[in-house]
Amino acid sequence: MSNNAPIIEVSGLSRQFGLFQAVKDLNFSVMEGDVYGFLGQNGAGKSTTIRMLLSLLRPSSGSIRIFGMDLRTHRRDILHKVGAVIESADLYTYLSGYENMEIFARLSGLKVDRSLLLRKLDEVGLSDRSNDPVRNYSQGMRQRLGIAVAMVHDPDLIILDEPTNGLDPQGIADIRRLILSLSREHGKTVVVSSHLLSEIEQVATRLLIMDKGRKVVEGSLAEMLDPKQTVLQLDTTDNAGCLAHLQSKYPGYTMATNPAGSMSISISRTEIPDLATEIMQAGFGIRAMVPQNALETYFLSITKDHLHVDDHQH
Amino acid sequence: MWTIISIELFKIFRKPRTYIAFAAVTIIVGLIQLGFLVDGETYLQFGMQALSESFEVDGKVLNGYLMAYLILQTLLIHVPLLIALVAGDMVSGEANMGTLRLLLTKPVSRTELMAGKFIASCIYTILLLIWMAIWALGVSLLIFGADDMIIMKSEVVTQVVRNDVLWRYVAAFGFASLAMVTVAALAFLLSVFAENSIGPIITCMSIVIVFTILNTLNLPFFNTIKPFLFTSHMLGWKGFFDVRLNEAHEQIVGSIENPAAILRSASILALHTLIFFGAAVYFFRRKDVLS
């Protein structure tokens, strides 16, 4: 639940790589207790922004304040209170899980307490493999260890960049549960980026949607989502013919075909029965008619230029 | 700072590649010792033919001190590669593994991190030189025994009396450590710009080889730049074995013929080390971590 104190305040943040503008004039704030979701397609600027939040990249312009301190002048003080996993959790593969924990605990300024570190490993289900070299860990185990390493010093702010990359469904569910637990049970502020809309939808209290390096929209899920609107995935006996028919019948509606041959149409939920009747009366058989989830619908509606791309991905 | 240094040393000595260097030194020194144990007397008799016509050579010429001198001369050939193997991996290896970004999300300043990594590289370098000293000097003395040391150069023959040799080796290995720390600093600087360790290792070795070749070319243009190349000073340790003679042409025990030259070489190496390390910190502080 959001409180009033801003943990992160970003203002006029830009980053240019040569001629490529990765992030442009970004403004947003993250409140204490938020699970703040960064949404956007690959290349939208999410990772660049997160790397700037962690001072891994220098902004071309703009300012970042975290815990009320300027990141440029108080980097060390800020990082004492931050834990992060950037994309895949890359660790020292020739060392054991415990040794990795010990190294990063010491770098975080902690006095090493073996029982504490083992307890932290136990929390992510790795206590029985703590002495194994990380090179023998699965991707999911590495990601869990990465999260344990990020949280070894009990930070107030946790930044997770694409934490579900490369994970199986069970691993994704574990990360989701962990984020919710960090926020609800431990009162942590979490910033999480992902291109998986459904994952963000299930955990985020507030969202920032980015596209081509710019902020498209920022707000809570309730503020963004129109429960009446959806994108319908439609598969008929003649998709090309059906699409031509619907385009003439519903001019102004956003429609597209997917590589698999099916169609997407942005439509109000109340119109779905009429649409089905129209298709059948025109002589097309309906094989499937699946409404997409609410956030996805919203995301597609505000990044229309990328509708085809999104249809390929989802 | 000690925390970072100890962590870096822990990582260095948990990597198998670290032990390649120690194994290589052991094998190279062992092979040279074996060769001289089998054929050394013949080899030395051939080399001392001209000398024996003018002087009567008494005692054991092929002894542990001479062996250590011969082995230390190979320093420029293989040790820089063994140093670059670790120092060139210090930053680039982390970038390659993806651990650099994790390290930099911890509350450690970039300057401190670089200083810790560099000091750990220097400690590794010094330990490798100590290892080399143990084998080249200690084991050679065990195998070949101790006696006065006769060094044959192109124009002069230097004799250093037995009880005046050991401190010269301590100084020589100290100087050699400084020379190798300079190589480590160069490899360390190069590793800041790379995403894997192959590039810095090869580039560092290429620079050492090119500069060494320049040293051997006796051309006026190169002669003007030679004094400023760090490779020109890497064999400065030999100066510790140039002894001063009194009026009766006897060795002055504890003397060095040209201490100023040794000091100048050491200063140039130290200056190069500082410049390489300073540049490494400067560029790393501005580095965008994209890996």
Side-chain angles (χ1 to χ4, degrees), chain A residues 15-17 22 47-48 50-60 74-96 99-100 102-112 133-135 142 145-147 149-150 152-153 155 157-161, chain B residues 1-21 85-86 89-117 119-120 124 192 195-197 281-291:
Chain A
R15 175 65 208 222
Q16 197 147 353
F17 294 102
S47 290
T48 302
I50 282 183
R51 282 171 191 249
M52 286 192 280
L53 291 180
L54 291 163
S55 76
L56 296 175
L57 290 179
R58 287 189 304 159
S60 302
H74 293 80
R75 174 185 172 274
R76 211 168 160 166
D77 295 330
I78 290 168
L79 291 180
H80 265 295
K81 299 158 93 174
V82 177
V85 177
I86 315 294
E87 295 175 10
S88 58
D90 293 308
L91 297 148
Y92 299 107
T93 51
Y94 54 92
L95 300 179
S96 69
E99 287 167 335
N100 272 280
E102 186 180 331
I103 281 178
F104 289 105
R106 291 176 68 197
L107 283 174
S108 302
L110 294 185
K111 246 186 138 134
V112 174
V134 171
R135 64 170 168 267
R142 288 182 192 202
L145 178 60
I147 288 172
V149 161
V152 69
H153 56 302
L157 171 64
I158 294 144
I159 297 177
L160 306 170
D161 185 19
Chain B
M1 177 60 82
W2 172 243
T3 302
I4 300 173
I5 296 168
S6 63
I7 287 171
E8 292 303 325
L9 283 172
F10 177 70
K11 288 191 288 187
I12 286 175
F13 286 97
R14 287 299 303 273
K15 279 185 199 166
R17 73 162 62 187
T18 303
Y19 298 97
I20 293 173
L85 211 60
V86 168
D89 187 56
M90 289 303 283
V91 180
S92 59
E94 300 265 11
N96 186 245
M97 271 191 295
T99 46
L100 187 59
R101 58 173 186 251
L102 189 54
L103 272 181
L104 292 177
T105 61
K106 295 296 169 190
V108 177
S109 82
R110 288 191 178 202
T111 305
E112 263 186 331
L113 185 67
M114 288 300 274
K117 280 181 171 290
I119 292 168
Y124 159 78
V192 169
E195 300 288 308
N196 70 65
S197 56
V281 172
Y282 176 84
F283 289 112
F284 188 72
R285 282 175 60 90
R286 283 153 186 78
K287 184 182 173 76
D288 284 332
V289 179
L290 298 164
S291 59

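Chain letters run A, B, ... following the sequence lines, proteins first, then strands; residues in each count from 1.
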*Top contributor to chain B interface from A:L54, A:L107, A:I78 [non-hydrogen pairs under 4.5 Å]*: A:L107
*So which part of B:L113 gets closer than 4.5 Å to some heavy atom of chain A, the side chain, the backbone, both or neither?*
neither
_Would you compute the distance between atom CD1 of A:I103 and atom CD1 of B:I4 and round it to the nearest 0.5 angstrom?_
12.5 Å
_Contact origin within A:V85 toward chain B - heavy atom pairs under 4.5 Å_ = neither
*Evaluate the side-chain proximity of A:L91 to B:L102: yes if any heavy-atom separation is below 4.5 Å, no if none is.*
yes
Under 3.5 Å, what donor-acceptor pairs does chain B form with chain A?
unit_1, atom_1, unit_2, atom_2, d
B:S6, OG, A:R106, NH2, 2.7
B:K11, NZ, A:Y92, OH, 2.7
B:R14, NH1, A:E99, OE1, 3.1
B:R14, NH1, A:E99, OE2, 2.4
B:E94, OE1, A:Y92, OH, 2.7
B:E94, OE2, A:Y92, OH, 3.2
B:R101, NE, A:I86, O, 3.2
B:R101, NH2, A:I86, O, 3.2
B:R101, NH2, A:S88, O, 2.9
B:R101, NH2, A:D90, OD2, 2.6
B:L104, O, A:R75, NH2, 2.9
B:K106, NZ, A:V149, O, 3.2
B:P107, O, A:R76, NE, 3.3
B:V108, O, A:R75, NH1, 2.8
B:V108, O, A:R75, NH2, 3.3
B:R110, NH2, A:S55, O, 3.2
B:E112, OE1, A:R76, NH1, 2.9
B:E112, OE1, A:R76, NH2, 3.1
B:D288, OD1, A:R15, NH1, 3.2
B:D288, OD1, A:R58, N, 3.2
B:D288, OD2, A:R15, NH1, 2.9
B:D288, OD2, A:R15, NH2, 2.5
B:V289, N, A:L56, O, 2.8
B:V289, O, A:R51, NH1, 2.8
B:L290, O, A:R51, NH1, 3.4
B:S291, O, A:R51, NH1, 3.3

*Tell me, for A:F104 versus chain B, whether the close heavy atoms (under 4.5 Å) come from the side chain, the backbone, both or neither.*
both
